[in-house]
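All values reported here derive from a predicted model rather than from experimental measurement.
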Amino acid sequence: MIRRNNSVHGVVFDFDGIVVDSEHIWENAWGAYSERHGRSFSPEDAMTLQGLSTKEWSAKLAELVGGGDDAETVAKFCVARYVVDVVGGDGPLLEGALELIETVSARVPIALASSSPRQGLDAALNHHGVAKYFTATVSSEEVPRGKPSPDVYLEAARRIGLDPAYGIGIEDSSNGIRAAKAAGLEVVALPNRIYPPKPDALALAEFQAADHGQVLDYVIQRIGAREDHS
């Protein structure tokens, strides 16, 4: 796609699937809850829940399973499972993610706009020692609606003083790409290899990267446009 003329003043990252290899941990947690109640859990179920806020996915999972638990009970079980697995080392930083956030954060403010609940997000950030790079982190628990609504991206941009028209959102999923685009950000897609974005969502991205190195090259070039005109 054609790049925008305006330069980049800040970058907002998704978390699961962009910074940390943890999409499978959520799938395992949801699956464990589902199977605990005698229901199998499919990849289609996982895609239905991905990107939703904790309140949204826990209510949806309670409905899918039909075990009689309320959304709060479902969330408590799944988030606890996620935290144990992340801290236990099952959710490593993705290759190239540390260099990406270190390099970009040295040039412009960066934020996280995550569908993960605050408890899980903080556990993973602290476990990997990367919280220091982000000027702000936002969980979709802290906004009215989860992805694909733009709320979490808009709040992340607000917290770092970023006009979305001058920012980039980095995403791996269909709902995430739609959310970042709806927020008015320039979207860089790094497609999730297990759950690739749908073609109509991927078409919304200004740039599609094959790996974190390509994301870094593109973002630094776009920030360079700002530096060239400063």
Backbone of [Y] reached by a side-chain donor or acceptor of [X] within 3.5 Å:
X: His127; Y: Gly91; answer: no
X: Asn192; Y: Asp172; answer: no
X: Glu63; Y: Ala59; answer: no
X: Glu56; Y: Gly146; answer: yes
X: Ser105; Y: Ile101; answer: yes

Lys/Arg-Asp/Glu bridge criterion (N-O < 4.0 Å) met for [X], [Y]:
X: Glu206; Y: Lys181; value: yes
X: Arg178; Y: Asp200; value: yes
X: Arg159; Y: Glu142; value: yes
X: Arg158; Y: Asp163; value: no

Nearest non-hydrogen partners of [X] and [Y], listed with the distance:
X: Val12; Y: Ala113; result: CG1-CB, 3.6 Å
X: Ser53; Y: Ser140; result: CA-OG, 3.1 Å
X: Ala75; Y: Trp57; result: CA-CH2, 3.9 Å
X: Pro117; Y: Thr54; result: CB-OG1, 3.2 Å
X: Leu162; Y: Tyr166; result: CD1-O, 3.5 Å
X: Ala156; Y: Val138; result: CA-CG2, 3.6 Å

Is the ring pair Trp30/Phe41 parallel, tilted or perpendicular, if the boundaries are 30 and 60 degrees?
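Because their plane-to-plane angle lies in the 30° to 60° range, the rings of Trp30 and Phe41 count as tilted.
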
Euclidean distance, [Y] [atom2] relative to [X] [atom1], rounded to 0.5 Å:
X: Leu185; Y: Glu171; atom1: CG; atom2: CD; value: 10.0 Å
X: Thr48; Y: Gln50; atom1: OG1; atom2: CD; value: 9.0 Å
X: Glu141; Y: Ser114; atom1: CD; atom2: OG; value: 9.5 Å
X: Ser42; Y: Glu27; atom1: OG; atom2: CD; value: 8.5 Å
X: Phe134; Y: Ile160; atom1: CZ; atom2: CD1; value: 10.5 Å
X: Glu186; Y: Ser7; atom1: CD; atom2: OG; value: 10.5 Å

Under 4.5 Å between side-chain heavy atoms, counting indirect links through other Ile/Leu/Val/Met/Phe/Trp/Tyr residues: same cluster for [X] and [Y] or not?
X: Leu216; Y: Val20; result: yes
X: Leu154; Y: Leu121; result: no
X: Val87; Y: Phe15; result: yes
X: Phe77; Y: Leu52; result: yes

Evaluate the criterion salt bridge (Lys or Arg N to Asp or Glu O under 4.0 Å) for residue pair Asp14 and Lys147; output intermediate values, then yes/no.
CA-CA 11 Å; Asp14 177 39; Lys147 302 172 185 178; 2.9 Å; yes

Does the side chain of [X] reach to within under 4.5 Å of the side chain of [Y], using non-hydrogen atoms?
X: Val79; Y: Gln119; result: yes
X: Val19; Y: Leu94; result: no
X: Ile18; Y: Leu190; result: yes
X: Leu61; Y: Leu49; result: yes
X: Tyr133; Y: Val104; result: no

Option from Ser173, Ser22, Ser115 for which side chain to side chain donor-acceptor pair (under 3.5 Å) with Asp16 holds:
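Running side chain to side chain donor-acceptor pair (under 3.5 Å) over Ser173, Ser22, Ser115 with Asp16 returns exactly one hit, Ser22.
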
Determine, stepwise, if the pair Asp45 / Arg39 fulfils salt bridge (Lys or Arg N to Asp or Glu O under 4.0 Å).
CA-CA 11 Å; Asp45 292 331; Arg39 182 189 181 277; 3.0 Å; yes

Taking it one step at a time, do Leu100 and Thr103 satisfy side-chain contact (heavy atoms from CB on, under 4.5 Å)?
CA-CA 5 Å; Leu100 175 62; Thr103 305; over 6 Å; no

If you link I, L, V, M, F, W and Y whenever their side-chain heavy atoms are under 4.5 Å apart, who else ends up in the same group as Tyr195?
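Tyr195 clusters with Met47, Ile194.
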
May I have the step-by-step check of side-chain contact (heavy atoms from CB on, under 4.5 Å) for Ser116 and Tyr82, ending in yes or no?
CA-CA 10 Å; Ser116 288; Tyr82 175 90; 4.1 Å; yes

Take Arg118 and Thr137 through the side-chain contact (heavy atoms from CB on, under 4.5 Å) test and state the conclusion after the steps.
CA-CA 9 Å; Arg118 175 54 64 182; Thr137 64; 2.8 Å; yes

Between Gln208 and Tyr218, a side-chain donor and acceptor under 3.5 Å:
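Note: Gln208 and Tyr218 side chains miss the donor-acceptor criterion.
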
What pairs of residues pass the side chain to side chain donor-acceptor pair (under 3.5 Å) test when at least one of them lies in residues 88-101, not counting sequence neighbours?
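Those involving residues 88-101 do not exist here.
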
Kindly determine whether Asp21 and Leu93 satisfy side-chain contact (heavy atoms from CB on, under 4.5 Å), including the steps that lead there.
CA-CA 6 Å; Asp21 183 12; Leu93 289 174; over 6 Å; no

Looking at Glu35, I'd like to know if its CD atom is crowded, meaning that more than 12 non-hydrogen atoms belonging to other residues, nucleotides or ligands lie closer than 6.0 Å.
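Count over threshold, so yes.
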
